[in-house]
2 protein chains.
Amino acid sequence: MARLPVYHRALLTLAQRGERTVSSAELSVVTGVTAPTVRRDLSHLGSFGTRGTGYAVSQLLARVDRALGIDREWPVVVVGIGSLGRALARSGNFSARGLKVVALLDIDPQVVGSAVGGVAVEHVDRLEAVVKREEAAIAVLATPPGAAQSLADRLAAAGVRAILNLAPVVLRPALGVRVGTVDLAAELQVLAFYGARTEGPARTVTGAGRRRRQSS
Amino acid sequence: MARLPVYHRALLTLAQRGERTVSSAELSVVTGVTAPTVRRDLSHLGSFGTRGTGYAVSQLLARVDRALGIDREWPVVVVGIGSLGRALARSGNFSARGLKVVALLDIDPQVVGSAVGGVAVEHVDRLEAVVKREEAAIAVLATPPGAAQSLADRLAAAGVRAILNLAPVVLRPALGVRVGTVDLAAELQVLAFYGARTEGPARTVTGAGRRRRQSS
DNA sequence: ATATGTGAATCAATTCACAGCT
DNA sequence: AGCTGTGAATTGATTCACATAT
């Protein structure tokens, strides 16, 4: 469920603010998800709220955490240490969310050997060894588009189960591997499309883009 | 239509390769969109292919370009020149797609005055003036989460019609402004969720995330 | 009173399947 | 023979509305 991270963030804030309970209506306001959908989502999560009162924040947070697998830390390998890769490697945002950047890979000898955000950049030749060493199930591809497909294949072969592709290409994923692509330029193009045409009130589109499915 | 940029990229490649025509089946392979959906999308675009042959690449590309508004260049303002903002400012990816980063804003006096990718960083105090000067309809928010909402409001008031929000917060958009949020950490969390659980074959999820709608 | 959980209704998107053009 | 364009069917997600619990 793509909205789990949004609930997670919202609940975290509510918990810090000391709130004991939330109603689906309140969650609706802070997440931008309609109240019926919030209830459906949470019920789907197997969670029990109390009628007349709402949900117990801490209990609900615990459930969302478990569903998201935040009980443990997921090691993430970043491939391609250009400016985008570097930005990700530095992002303090990750650790709070069950993700930890444990290895950085690049092909440029100028970059290999340096450290970004406290992690050393290794040569992409060592990809297989690094994935194995870190037992990484997740990788981020922030390379030029031309290199992405073959690296995705190598990552898959090395045992990675999910890849976040930031290169502007459609990847053909290996069997058993999940690929999610985020193309920021495409995102902007879509916004330009809508934003420029709409003269009247508009709607918000959040979460990070529509999705297309391919078989693998 | 969220898939237009994908078609755009594919057609560009095909055109460069010298292909005169494409069938929906061929487009399906390179875009990862099923053939019936390709046909539906393109017909929806008002485009006429020729039966028995396919679509004329150049003609189709022209239509997609026009639909995406790529006939002109959209000026983009980037707010928040941290490592992510810097990565965007440098991304050569944009110019090829009808987007041009024309102004950079930050609050840090250390950063203000420097130049990134050939564009000077100005102080965020000048936001309104800069938006007006550049006649920018599109902005990217790459600030810490706490600052995002008020900046989104100011951008809207200054005349921006669409905002790409890269901060991990749900923004309440001003009336008539379109907000798209891309939260890379959330994206990874979702991948971790799927990737870690799937033992068998998996599906690909491309395009940049599911979307939630809020009223504005 | 208030708010959950969920069947039933609605809405949007995708896919099927085929008639019709080249 | 091959491939588009599109009605009809299907699938999936969202919303409604209400019985049910506190």
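A note on names: the letters A, B, ... follow the listed sequences, proteins ahead of strands, and every chain is numbered from 1.
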* Structure fact -> Applying salt bridge (Lys or Arg N to Asp or Glu O under 4.0 Å) to A/Arg154 and not counting sequence neighbours gives A/Glu128
* A/Ala103 and A/Val119: which non-hydrogen atoms are nearest, and at how many Å? -> CA-CG1, 3.9 Å
* Is there a side-chain contact (heavy atoms from CB on, under 4.5 Å) between B/Thr13 and B/Val30 once you walk through the steps? -> CA-CA 10 Å; B/Thr13 322; B/Val30 291; over 6 Å; no
* Asked: Among residues 14-27 of chain A, which residues get a heavy atom nearer than 4.0 Å to DNA chain C?
  -> A/Ser23, A/Ser24
* To do: Give a yes or no on whether a donor-acceptor pair under 3.5 Å exists between the nucleobase atoms of D/dT15, that is its base, and the side chain of A/Arg40.
  => yes
* Asked: Atom CG of A/Asp41 to atom P of C/dT6: distance rounded to whole Å?
  -> 13 Å
* To do: Could you pull out all residues at least two apart from A/Asp41 that satisfy salt bridge (Lys or Arg N to Asp or Glu O under 4.0 Å)?
  => A/Arg3
* To do: For residues A/Glu73 and A/Leu99, report the shortest heavy-atom separation together with the two atoms involved.
  => OE2-O, 4.3 Å
* Given D/dT14, C/dG5, C/dT15, the nucleotide with the shortest approach to the side chain of A/Thr37 -> D/dT14
* Asked: Within this structure, what is the CZ-to-C1' distance between B/Phe48 and D/dG5, rounded to whole angstrom?
  -> 9 Å
* Which atom of A/Leu164 lies closest to which atom of B/Leu184, heavy atoms considered -> CD2-O, 4.1 Å
* Is there a side-chain contact between B/Leu4 and B/Leu45, using heavy atoms and a 4.5 Å cut-off? -> yes
Per-pair distances, 0.1 Å, donor-acceptor, side chain in residues 22-29 of chain B, under 3.5 Å, sequence neighbours excluded:
| unit_1 | atom_1 | unit_2 | atom_2 | d |
| --- | --- | --- | --- | --- |
| B/Ser23 | OG | B/Ala25 | N | 3.4 |
| B/Ser23 | OG | B/Glu26 | N | 3.1 |
| B/Ser23 | OG | B/Glu26 | OE1 | 3.4 |
| B/Ser24 | OG | B/Arg39 | NH1 | 3.2 |
| B/Glu26 | OE1 | B/Ser23 | N | 2.8 |
| B/Ser28 | OG | B/Val33 | O | 2.6 |

* Asked: How about B/Pro5 and A/Val190: do any of their side-chain heavy atoms sit closer than 4.5 Å?
  -> yes
* Return the angle between end axes of the helix from C/dA1-D/dT22 to C/dT22-D/dA1, with five pairs used per end and rounding to 10°. => 0°
* Tell me, do A/Leu84 and B/Leu84 make a side-chain contact under 4.5 Å, heavy atoms counted? -> yes
* Short side-chain N/O contact to D/dG2 OP1/OP2 from B/Tyr55, under 4.0 Å -> no
All N/O pairs under 3.5 Å across the protein-nucleotides 18-22 of chain C interface:
| unit_1 | atom_1 | unit_2 | atom_2 | d |
| --- | --- | --- | --- | --- |
| C/dG20 | N3 | B/Arg51 | NH1 | 3.4 |
| C/dT22 | O4' | B/Arg51 | O | 3.0 |

